[in-house]
2 protein chains.
Amino acid sequence: MSEDHLGKIRVLVVDDHPIVRVGIAAIIDARPDMMTVAQTGDAEEAIRLFEQHLPDITLMDLRLPKMSGVEAIRAIRLRHPKACFVVLTTYEGDEDIYQAIEAGARAYVIKGMPHEALTDALRRVHAGGRFLPPPISRALAQRTPDSDLTSREREVLSLLAQGRTNKEIAMELGITVATVKCHVSVILMRLQATDRTQAVVTALQRGLAHL
Amino acid sequence: MSEDHLGKIRVLVVDDHPIVRVGIAAIIDARPDMMTVAQTGDAEEAIRLFEQHLPDITLMDLRLPKMSGVEAIRAIRLRHPKACFVVLTTYEGDEDIYQAIEAGARAYVIKGMPHEALTDALRRVHAGGRFLPPPISRALAQRTPDSDLTSREREVLSLLAQGRTNKEIAMELGITVATVKCHVSVILMRLQATDRTQAVVTALQRGLAHL
DNA sequence: CCGGCCATCCGACCAGAGTCGGAGTTGGTT
DNA sequence: AACCAACTCCGACTCTGGTCGGATGGCCGG
């Protein structure tokens with residue numbers, strides 16, 4: 001190992017697919033001005049590795065086993081408020097993006113973009129800037145004020161997205177069917193859906209719920 | 001470029017994510033007994049590249065823009081029945097797997113497995129064998145005879161999965177609501193669902209429909 | 001040629017879903 | 001204290017969704 005890492009952008013890579021990690025590392029380590037310091041597919045180990053290496057930038061996938069990438073970002077930022085994050089993920093709806101930005105991500109790159117998008121994002125963020133591809137910022141702009149659901153509504157929505165009936169949801173939450181119907185009505189309004197099936201579909205599209 | 005490619009397993013890589021292609025190529029080209037001959041993210045170009053290089057094995061993602069990976073496999077096999085395919089994709093339900101095996105894929109590797117799974121699969125397939133990870137063959141074994149839908153039912157299901165009502169589906173297909181209800185009932189039976197929302201959820205899980 | 005599968009259609013029935021309007025509780029904000 | 005938002009509940013009404021039984025014509029394989 002050479003000792004020429006002075007001045008290089010030091011990157012921690014977090015993605016649950018080993019193959020993707022190899023690809024990212026290959027791209028980054030091929031550039032003279034950046035290098036990877038560690039990689040993992042596990043959110044908890046990511047937190048440990050961050051403490052250990054204190055990288056300039058953490059490259060983070062959002063969909064991870066156990067803990068989500070957003071939670072990992074929040075956890076790290078609690079102790080290191082100046083930590084820099086670039087999200088690298090397949091496009092999975094505006095909600096994930098919104099959450100990630102909210103949690104403090106400074107850039108958002110979609111897998112499937114050319115390599116330059118990734119390295120560009122890293123350089124810009126390291127220089128103190130941001131990087132949001134046009135399709136992403138467009139999606140974000142379309143969020144209306146009441147696309148936010150209350151925590152109870154998210155709870156109901158996730159049960160809806162499992163194909164449960166109102167009665168089952170009522171049992172599960174220990175409330176009456178009438179109340180469930182109220183929540184469902186509000187959800188339909190917020191998602192601009194006309195029935196529960198449509199609500200589930202758009203929730204999955206936007207990343208408000210997962211399979 | 002050295003001329004030591006004699007005897008190596010020659011691989012064509014097809015995946016729509018540039019980063020993943022880099023990762024795969026890095027892994028394969030690091031082994032002494034295999035090499036990549038070309039790569040692309042486009043199914044149609046994949047067909048051209050196959051004709052041009054006649055690789056020993058084509059490593060194929062199923063989810064591609066425009067044409068699906070399964071269709072690409074079928075197209076190539078029409079003219080080259082002895083062509084070898086290894087599917088490399090994120091797990092997206094048993095239906096994709098079934099279709100791919102049906103179309104002639106000899107191995108199925110899930111992104112997120114360690115590198116060795118990939119190289120193992122390539123070597124085994126090149127030796128004339130097969131490679132199906134336990135979770136995959138388990139999922140395949142659970143297919144009951146009547147989990148197959150007729151083409152009309154698939155048509156209805158994909159409209160269901162868009163959140164359309166029976167009336168809308170009837171309009172779309174130029175049939176009556178009564179007939180749509182019949183199809184929906186059959187679909188519910190086949191998917192072992194009790195209502196349309198559940199049917200949509202399990203269809204998405206199993207890869208019978210997509211967002 | 002006939003049985004079976006598929007797609008089509010019908011009518012009637014029941015249960016679930018969704019709407020509307022009204023109303024009480026809590027907890028946090030101003 | 002006044003207020004607002006979220007959560008809770010109720011009843012009654014409408015309409016979609018789903019089931020059941022029965023029926024037709026086309027198409028394919030034995």
Side-chain angles (χ1 to χ4, degrees), chain A residues 95 98-99 102 143-206 208-209, chain B residues 95 98-99 102 143-206 208-209:
Chain A
E95 185 63 17
Y98 180 74
Q99 294 291 334
E102 200 76 348
R143 282 182 61 91
T144 72
D146 58 23
S147 30
D148 298 317
L149 306 189
T150 68
S151 68
R152 194 56 155 178
E153 283 155 9
R154 276 195 299 274
E155 213 168 350
V156 173
L157 180 55
S158 83
L159 292 168
L160 274 186
Q162 291 167 23
R164 319 283 280 275
T165 68
N166 288 339
K167 195 194 294 181
E168 289 169 336
I169 295 173
M171 303 280 273
E172 182 88 22
L173 299 182
I175 59 182
T176 69
V177 175
T179 306
V180 175
K181 287 186 177 188
C182 275
H183 290 311
V184 171
S185 279
V186 176
I187 291 170
L188 295 182
M189 186 256 291
R190 295 214 213 266
L191 299 188
Q192 309 201 71
T194 61
D195 61 68
R196 60 174 48 219
T197 309
Q198 250 184 50
V200 168
V201 172
T202 67
L204 291 173
Q205 280 171 344
R206 297 188 35 192
L208 285 160
Chain B
E95 185 63 17
Y98 180 75
Q99 294 290 333
E102 199 77 345
R143 283 182 61 90
T144 72
D146 58 24
S147 35
D148 296 318
L149 306 188
T150 68
S151 68
R152 196 54 155 178
E153 284 156 7
R154 276 195 297 275
E155 214 167 350
V156 173
L157 180 55
S158 82
L159 291 168
L160 275 186
Q162 292 168 24
R164 318 283 279 274
T165 68
N166 288 339
K167 195 194 293 182
E168 288 170 336
I169 296 173
M171 303 280 274
E172 182 88 22
L173 299 181
I175 59 183
T176 68
V177 175
T179 307
V180 175
K181 286 187 176 186
C182 277
H183 291 312
V184 171
S185 280
V186 176
I187 291 171
L188 294 183
M189 186 253 292
R190 295 213 212 268
L191 299 188
Q192 309 201 73
T194 61
D195 61 68
R196 59 174 49 218
T197 309
Q198 252 184 48
V200 168
V201 172
T202 68
L204 292 173
Q205 280 172 345
R206 297 188 35 190
L208 285 160

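Here the structure is a predicted model, which is why all the values come from computation and not from measurement. Chain letters run A, B, ... following the sequence lines, proteins first and then strands; every chain starts at 1.
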Any side-chain heavy-atom pair from [X] and [Y] closer than 4.5 angstrom?
{"X": "A/Val156", "Y": "A/Leu159", "value": "no"}
{"X": "B/Arg196", "Y": "B/Asn166", "value": "yes"}
{"X": "A/Val184", "Y": "A/Leu157", "value": "no"}

Exercise. Look only at the side chain of A/Glu168 and the backbone of A/Thr165, and say whether a donor-acceptor pair between them is shorter than 3.5 Å.
Key: yes
How close or far is atom [atom2] of [N] from atom [atom1] of [X], stated in whole angstroms?
{"X": "B/Met189", "N": "C/dC5", "atom1": "CE", "atom2": "C1'", "answer": "12 Å"}
{"X": "A/Gln192", "N": "C/dG18", "atom1": "CD", "atom2": "P", "answer": "17 Å"}
{"X": "B/Ile169", "N": "C/dT8", "atom1": "CD1", "atom2": "P", "answer": "13 Å"}
{"X": "B/Leu149", "N": "C/dA7", "atom1": "CG", "atom2": "P", "answer": "10 Å"}
{"X": "A/Glu153", "N": "D/dA5", "atom1": "CD", "atom2": "P", "answer": "13 Å"}
{"X": "B/Arg154", "N": "C/dA7", "atom1": "CZ", "atom2": "C1'", "answer": "15 Å"}
{"X": "B/Arg152", "N": "C/dC9", "atom1": "CZ", "atom2": "P", "answer": "9 Å"}
{"X": "B/Leu159", "N": "D/dT16", "atom1": "CG", "atom2": "C1'", "answer": "17 Å"}

Between [X] and [N], is there a contact of a side-chain N or O with OP1 or OP2 at under 4.0 Å?
{"X": "A/Ser185", "N": "C/dT19", "value": "yes"}
{"X": "B/Arg196", "N": "C/dG16", "value": "no"}
{"X": "A/Thr150", "N": "D/dC7", "value": "yes"}
{"X": "B/Thr179", "N": "C/dC9", "value": "yes"}
{"X": "A/His183", "N": "D/dA6", "value": "no"}
{"X": "B/Asn166", "N": "D/dT16", "value": "no"}

The answer to which of A/Val186 and A/Lys167 contacts DNA chain C further toward the 5' end, by nearest nucleotide, is A/Lys167
Per nearest nucleotide of DNA chain C, the residue lying toward the 5' end, A/Val177 or A/Cys182, is A/Val177
Closest of C/dT8, C/dC10, D/dC10 to the B/Thr176 side chain is C/dC10
Out of D/dT8, C/dC9, C/dT19, minimum distance to the side chain of A/Lys181 belongs to C/dT19
In this structure, CZ of B/Arg164 is separated from CG of B/Leu173 (nearest 0.5 Å) by 9.0 Å
